[in-house]
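These notes are about the structure you will find just below.
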Protein chains: 2
Amino acid sequence: MQKKNRANFQKAKKSRVFQDVVGQIQDAILDGKLSPGDKLPPERELQDTFNVSRGTLREALRVLEQKGLIEIRLGTGGGSMVREAGAEQLTETLALMIRSGRVSVLDIGEFREGMEGRIASLAADRASEDDIRKLEELLNQAVSCSERGKDGWEDFLDVDEAIHKEVARIAGNALYRYSAQVVHDNIRSYYDQYLEFSSSRIHENRIDLEQLVNAIKSRNGEEAARIAEKHVHAFNVRMREKEAMAQGKN
Amino acid sequence: MQKKNRANFQKAKKSRVFQDVVGQIQDAILDGKLSPGDKLPPERELQDTFNVSRGTLREALRVLEQKGLIEIRLGTGGGSMVREAGAEQLTETLALMIRSGRVSVLDIGEFREGMEGRIASLAADRASEDDIRKLEELLNQAVSCSERGKDGWEDFLDVDEAIHKEVARIAGNALYRYSAQVVHDNIRSYYDQYLEFSSSRIHENRIDLEQLVNAIKSRNGEEAARIAEKHVHAFNVRMREKEAMAQGKN
DNA sequence: CCACCATAATGGTCAGACCATTTTATTTAT
DNA sequence: ATAAATAAAATGGTCTGACCATTATGGTGG
């Protein structure tokens, strides 16, 4: 077995001036010398600063924009602004993977099952009194939405989303939080597609949420995980059924 | 609560010719009209095809390159080639998140714990006879490495990695497979840092691998998950200790 | 037959001009 | 005086055309 390159060096792609520019600006951002909201100088100044042509500078800016590190706005007062990057880049990359068929929606559903379970478990371990109050408040909203029947369905879904998001926050792990958001953003369209209103469905979901919040409140991680997984699993089963039907039609 | 934009429209950034070019080439790739390995025409031709200036075209190519969809090579016979994109983009984005402090290495370790457990569980459910033979073969290699003591440590780590990779493949979920790779690539440097050789460590790890493969062989998903989690957990504990020590020194 | 070198193909960079969008200041009409 | 219309300025977006740098290929001389 060949000795591995454990240092993980780059291949030193020679002579790409714009990459050098990318590197310098990226470093400044990541080292905190530039903060989200800060504006970079206009292109014609940067051009001088780095001593490159405008075209080269713009290629660098394109890369930084694509990386999610800066945002570029037009017109007077516009320019390049350092961005508070969230999970958008991850979301976009996963979307590409889905569209190219390398990842299936079923894969995502299955992934989500385990992930939501873990998140719920961690949240149960780590929830503060305030966190739990916040959850109960959201739960109340969900219950009142559920009592409005079909009228409240859209709002119910929104509150459901808010609860899951809050649980992910409480779990206190940024990677889980980002992952949950990426998965959610990439599954949302299917969500809408597979979750038409039905009175039994809103009832089931309400029960699930109540049980989840209760499990977290009583600091029962395993129970919270079990419920969250069951909740996602039920959705996955529906999704698989619909997918199978869609397959059959083709 | 405001009605949400469930269609998830883009903000229609006006007049960015290069984005139109990006879109067209990206669609061609994702719709399979261009396959990995295919070469795009040289820039001076594309320039004509899309009726844009070379600078604009090159900005488009920069974006596609950054998205991981194409790879650009220099010199005669060079040019833009459609890429078989893997998890590299995700890996890079996560690396940025780590460096900017939005995700900690501890977060990743914790994430990995749940993920490896799930992967092991799915693998136990889905392993074919061939898969198990392959695992046992790798396990044999690991054992023989472990018997070489300190000399075999590096090779043992490589085989360990290969086993985890194989298990992820067996799990049959592309998203888990990519996630495992992304996490691994971003934790590798710490891995090397926290895993110096010791005879007890190589012994423990060997036992873990044996138990893992056995659990998968006997189709015991829960046991496989338990062992994989324990394995990762032990590593995380060491990592936390070292991190705490490093903190203390600062 | 091999080493070296010229040539061509292709991406990388530069320079300078002009266009398009947006904010801000100024003017003008009510 | 206020509000609407308009002009001006700042800034990113695009175009043209040239030249530089890297690499594969094929020829040339030993």
Exercise for the section: Return the value, rounded to whole Å, for the distance between atom CD of A:Glu65 and atom C1' of D:dG13. Expected result: 12 Å
Problem - Residues in side chain to side chain donor-acceptor pair (under 3.5 Å) contact with A:Asp27, at least two apart in sequence or another chain - result: B:Arg99
Problem - Which residue lies more 5' along DNA chain C, comparing A:Val17 with A:Gly77 via nearest heavy atoms - result: A:Val17
Problem - Minimum-distance nucleotide (side-chain atoms of A:Leu74 versus C:dT13, C:dT22, D:dT23) - result: C:dT22
Exercise for the section: Provide, to the nearest angstrom, the distance between the CD atom belonging to A:Glu71 and the P atom belonging to C:dT22. Expected result: 14 Å
Handout entry: Atom-to-atom span, CD1 of A:Ile72 to P of D:dT14 - whole angstrom
Key = 11 Å
Handout entry: Set of residues satisfying ring-ring contact (aromatic ring centres under 6.0 Å, His included) with respect to B:Phe235, sequence neighbours excluded
Key = B:Tyr191
Completion exercise
B:Ile70 CD1 to C:dG11 C1', in whole Å, measures 12 Å
Exercise for the section: Let me know the distance between CD of A:Glu43 and C1' of D:dA10, rounded to the nearest Å. Expected result: 12 Å
Practice task
Carefully, step by step, assess A:Arg169 and A:Glu166 under the rule salt bridge (Lys or Arg N to Asp or Glu O under 4.0 Å).
Solution key: CA-CA 5 Å; A:Arg169 189 192 60 74; A:Glu166 180 66 12; 2.6 Å; yes
Exercise for the section: Identify whether the distance between the nearest side-chain nitrogen and carboxylate oxygen of A:Glu92 and B:Lys67 falls below 4.0 Å. Expected result: yes
Exercise for the section: For B:Gln47, enumerate each residue passing the side chain to side chain donor-acceptor pair (under 3.5 Å) test, keeping only those at least two apart in sequence or located in another chain. Expected result: none
Problem - Of B:Leu40 and A:Gly75, the one whose closest DNA chain C nucleotide lies more 5' - result: B:Leu40
Handout entry: Intermediate values then yes/no, side chain to side chain contact (heavy atoms under 4.5 Å, CB included), A:Phe18 and A:Val52
Key = CA-CA 8 Å; A:Phe18 77 85; A:Val52 297; over 6 Å; no
Practice task
Would you list the pairs meeting salt bridge (Lys or Arg N to Asp or Glu O under 4.0 Å) in which at least one residue belongs to residues 44-53 of chain B, sequence neighbours left out?
Solution key: none
Fill in the blank from the handout: Here the distance between atom P of D:dT14 and atom CZ of B:Arg16, to the nearest Å, is 8 Å
Exercise for the section: Indicate, with a heavy-atom threshold strictly under 4.0 Å, whether A:Arg44 touches base, sugar-phosphate, or nothing. Expected result: base
Exercise for the section: Round to the nearest Å and state the distance from B:Met81 atom CE to C:dG11 atom C1'. Expected result: 15 Å
Practice task
Using a cut-off of strictly less than 4.0 Å between a heavy atom of the residue and any atom of DNA chain C, enumerate the qualifying residues of residues 45-63 of chain A by number.
Solution key: A:Asn51, A:Val52, A:Ser53, A:Arg54, A:Thr56
Practice task
In plain terms, say whether A:Glu59 and A:Arg62 are close enough for a salt bridge, that is, a side-chain N and a carboxylate O under 4.0 Å apart.
Solution key: no
What pairs of nitrogen or oxygen atoms, one from the protein and one from nucleotides 4-6 of chain C, lie under 3.5 Å apart?
none

Exercise for the section: For the pair B:Asp130 and B:Arg133, find out whether any cationic side-chain nitrogen is under 4.0 Å from an anionic carboxylate oxygen. Expected result: yes
